[in-house]
Novice: 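Let me begin by handing over the structure; questions about it come next.
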There are 2 protein chains.
Amino acid sequence: MSEPEADAVFHALADTTRRDIVRRAIRREQSISSLAERYTMSFAAVQKHVAVLERSTLVVKERRGKEQIVRANLDTLRRATRLLDEFEAIWRDRVVRIDALLAEEASGATTAPSTESER
Amino acid sequence: MSEPEADAVFHALADTTRRDIVRRAIRREQSISSLAERYTMSFAAVQKHVAVLERSTLVVKERRGKEQIVRANLDTLRRATRLLDEFEAIWRDRVVRIDALLAEEASGATTAPSTESER
DNA sequence: GTAACGTACAACCAAATGGTTGCACAACTG
DNA sequence: CAGTTGTGCAACCATTTGGTTGTACGTTAC
């Protein structure tokens, strides 16, 4: 997931109503009006939330007759999860590096300390 | 993760600079000024990004002498990952439900909902 | 002490967000 | 045909965001 895309996805997820819409859309396809019934806010407000989700590609809209059907895009959701998993991987890498460093110290090695990649 | 907390976490993650700060902080502790050096924006701007991350508890600050040290909080990161995993679980549940429904239809179950249209 | 460094915070600004209402329009229903 | 329903969109508003500059303050170095 490219960084700008990730911006859009996490922004879209940073709202309780939008996460709820995604959950409903995952369970089953939803028309925008059926979604709007569920919330106290106006139809237009819900429409805007759906638009935010659509821009992030977390959902796709598909016209069916006079209705617009909202479907969840699991792929984007998975890419977001994977991005968070990368953070975890960075953490594990750090642990490995520190372990290696400690082992080196313990063995009394006096050679050059690790070439920290610094990033 | 409570919903308002999730709002803060995903909002914090919805910015390339902030995700980058988190990555750096995971690799090693960072002072705010050492972080600020890495970006073209002002020190105050970086300070604000760190404040957003701190509010979401994705990082914690700890004073060390005159410096303020930023450390990543993996726990919050993991809770965010878990929340995304729940979406995946909803999806799997849907698949199971649909499979069950199809199996029921195929077996010509006595209580099949569509038997009315058979003749 | 003074100087330099790292930080905190306020004031300010432009742009984006999240909500509203109102209106137009296309597609079904009778 | 007329009426209802579902949608799209513009205009408007208050608040938040993401950046700036400037100032003040505590800590370390000399």
Side-chain angles (χ1 to χ4, degrees), chain A residues 3-25 28-72 80 118, chain B residues 2-25 28-72 80:
Chain A
E3 292 294 317
E5 192 188 3
D7 281 12
V9 172
F10 286 119
H11 167 66
L13 289 171
D15 181 281
T16 304
T17 301
R18 285 197 292 265
R19 286 194 303 278
D20 197 65
I21 289 175
V22 171
R23 289 195 194 93
R24 290 185 196 280
R28 66 174 62 196
E29 302 177 336
Q30 303 273 339
S31 71
I32 299 186
S33 51
S34 73
L35 283 171
E37 286 171 11
R38 306 288 185 159
Y39 308 99
T40 58
M41 70 189 76
S42 68
F43 175 87
V46 173
Q47 209 176 13
K48 280 192 184 183
H49 280 306
V50 172
V52 170
L53 288 168
E54 193 184 15
R55 253 181 283 140
S56 76
T57 73
L58 275 167
V59 307
V60 295
K61 287 197 303 188
E62 182 190 335
R63 181 163 287 281
R64 194 123 84 215
K66 77 178 160 185
E67 291 187 337
Q68 193 83 262
I69 302 298
V70 178
R71 287 189 296 109
E118 205 62 36
Chain B
S2 71
E3 292 295 316
E5 192 188 4
D7 282 11
V9 172
F10 287 120
H11 167 66
L13 288 172
D15 180 281
T16 305
T17 301
R18 286 198 289 265
R19 285 195 303 279
D20 198 64
I21 289 175
V22 171
R23 289 194 193 94
R24 290 186 197 280
R28 66 169 65 192
E29 301 177 336
Q30 303 271 342
S31 70
I32 299 187
S33 51
S34 72
L35 283 170
E37 286 171 12
R38 306 288 185 160
Y39 308 100
T40 57
M41 70 190 75
S42 68
F43 176 87
V46 174
Q47 210 176 13
K48 281 192 185 183
H49 280 306
V50 172
V52 171
L53 289 168
E54 194 184 13
R55 253 181 282 140
S56 76
T57 72
L58 275 167
V59 306
V60 294
K61 287 198 302 189
E62 182 189 337
R63 183 162 284 284
R64 193 123 82 213
K66 78 178 161 185
E67 290 187 336
Q68 193 83 259
I69 302 298
V70 178
R71 288 189 296 112

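Chain A is the first sequence line, chain B the second, and so forth, proteins listed ahead of strands; every chain is numbered from 1.
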Novice: If each of A:Lys48 and B:Thr40 is mapped to the nucleotide of DNA chain D with the nearest heavy atom, which maps nearer the 5' terminus, i.e. the 5' end?
Specialist: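 The residue whose closest nucleotide sits nearer the 5' end is A:Lys48.
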Novice: Assign each of A:Ala14 and A:Gly65 to its nearest nucleotide of DNA chain C by heavy atoms, then name whichever residue's nucleotide is nearer the 5' end.
Specialist: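 Result of the comparison: A:Ala14.
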Novice: Taking the side chain as every heavy atom from C-beta outward, state whether A:Ile32 and A:Phe43 have any atom pair closer than 4.5 Å.
Specialist: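 Of all side-chain heavy-atom pairs linking A:Phe43 with A:Ile32, at least one is under 4.5 Å.
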Novice: Please give, in whole Å, the distance from D:dT15 C1' to B:Asp7 CG?
Specialist: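 My rounded result for the distance is 16 Å.
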Novice: Any side-chain N or O of B:Ser33 less than 4.0 Å from the OP1 or OP2 oxygen of C:dT7?
Specialist: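 Result: yes.
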Novice: Tell me the interatomic distance from B:Leu35, atom CG, to C:dA8, atom P, rounded to whole angstroms.
Specialist: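 That distance rounds to 12 Å.
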Novice: Is B:Ser42 touching bases, backbone alone, or none of the nucleic acid, heavy atoms closer than 4.0 Å?
Specialist: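 Base, at least one base atom sits under 4.0 Å.
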Novice: Without decimals, in angstroms, what is the distance between B:Ile32 CD1 and C:dC9 C1'?
Specialist: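 Interatomic distance, CD1 of B:Ile32 to C1' of C:dC9: 13 Å.
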Novice: Side chain of B:Phe43 only, heavy atoms from C-beta on: which candidate in C:dA8, C:dG18, D:dG19 is closest?
Specialist: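 Nucleotide nearest to B:Phe43's side chain: C:dA8.
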Novice: At 4.0 Å (heavy atoms only), tell me whether B:Arg18 reaches a base, stays on the sugar-phosphate, or touches nothing.
Specialist: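 Here B:Arg18 touches the backbone only, sparing every base.
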Novice: Considering every strand and a 4.0 Å limit on heavy-atom distances, what is the contact class for B:Ala44: base, sugar-phosphate, or nothing?
Specialist: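 Answer is base: heavy atoms of B:Ala44 come under 4.0 Å of a base.
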Novice: Can you tell me the distance, in whole Å, between the CD atom of A:Glu37 and the P atom of D:dT5?
Specialist: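 Rounding to the nearest Å, CD of A:Glu37 and P of D:dT5 are 11 Å apart.
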Novice: With nearest nucleotides of DNA chain C determined for A:Arg64 and A:Thr17 from heavy-atom distances, which residue corresponds to the more 5′ nucleotide?
Specialist: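 The residue whose closest nucleotide sits nearer the 5' end is A:Thr17.
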Novice: Choosing from D:dT7, C:dG19, D:dT20, which nucleotide comes nearest the side chain of A:Ala45?
Specialist: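 So the nucleotide nearest the side chain must be C:dG19.
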Novice: NZ of B:Lys66 versus C1' of D:dA29: gap in Å, rounded?
Specialist: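 Those two atoms, NZ and C1', are 7 Å apart.
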Novice: Take the protein atom CZ of A:Arg63 and the nucleotide atom P of C:dA26, then report the distance between them rounded to whole Å.
Specialist: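 That distance rounds to 11 Å.
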Novice: Got a sec? Which of residues 50-61 of chain B come in under 4.0 Å of DNA chain C, heavy atoms?
Specialist: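 Those residues whose heavy atoms fall under 4.0 Å from DNA chain C, taken from residues 50-61 of chain B in numerical order, are B:Lys61.
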Novice: What are the two closest heavy atoms between B:Ala8 and B:Ser56, and how far apart are they?
Specialist: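 Distance-wise, the nearest heavy atoms are O-CB, 3.5 Å.
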Novice: Less than 4.5 Å apart, side chain to side chain, heavy atoms only: is that true for B:Leu35 and B:His49?
Specialist: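 No - every pair of side-chain heavy atoms lies 4.5 Å or more apart.
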Novice: In whole Å, what is the span from the CD atom of B:Glu67 to the C1' atom of C:dA4?
Specialist: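 Rounding to the nearest Å, CD of B:Glu67 and C1' of C:dA4 are 14 Å apart.
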Novice: Determine: side-chain N/O of A:His49 to OP1/OP2 of C:dG19, distance under 4.0 Å, yes or no.
Specialist: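 So the side-chain polar atoms of A:His49 do come within 4.0 Å of the phosphate oxygens OP1 or OP2 of C:dG19, strictly under.
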Novice: Taking A:Glu29 for the side chain and A:Val70 for the main chain, is one N or O donor matched with an acceptor at less than 3.5 Å?
Specialist: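 It does not hold such a pair.
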Novice: Are side-chain heavy atoms of A:Arg24 and A:Ile21 found at a separation under 4.5 Å?
Specialist: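 A side-chain contact under 4.5 Å is absent here.
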Novice: What residues form a side chain to side chain donor-acceptor pair (under 3.5 Å) with A:Arg28, not counting sequence neighbours?
Specialist: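 Scan of A:Arg28 (side chain to side chain donor-acceptor pair (under 3.5 Å), adjacent residues dropped) gives none.
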Novice: Looking only at atom types and distance, does a side-chain atom of A:Arg18 sit under 3.5 Å from a main-chain N or O of A:Leu13, one as donor and one as acceptor?
Specialist: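 The answer is no, because no donor-acceptor pair under 3.5 Å joins these two groups.
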Novice: Of all the nucleotides listed (D:dG8, C:dG18, C:dC9), which has the minimum atom distance to the side chain of B:Gln47?
Specialist: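 Ranking D:dG8, C:dG18, C:dC9 by closest atom to the B:Gln47 side chain puts C:dC9 first.
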Novice: Measure from NE2 on B:His11 to P on C:dT17 and round the result to the nearest Å.
Specialist: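 From B:His11 NE2 to C:dT17 P: 11 Å.
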Novice: Taking C-beta and beyond as the side chain, do A:Gln47 and A:Val50 meet within less than 4.5 Å on heavy atoms?
Specialist: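 Sidechains of A:Val50 and A:Gln47: no contact.
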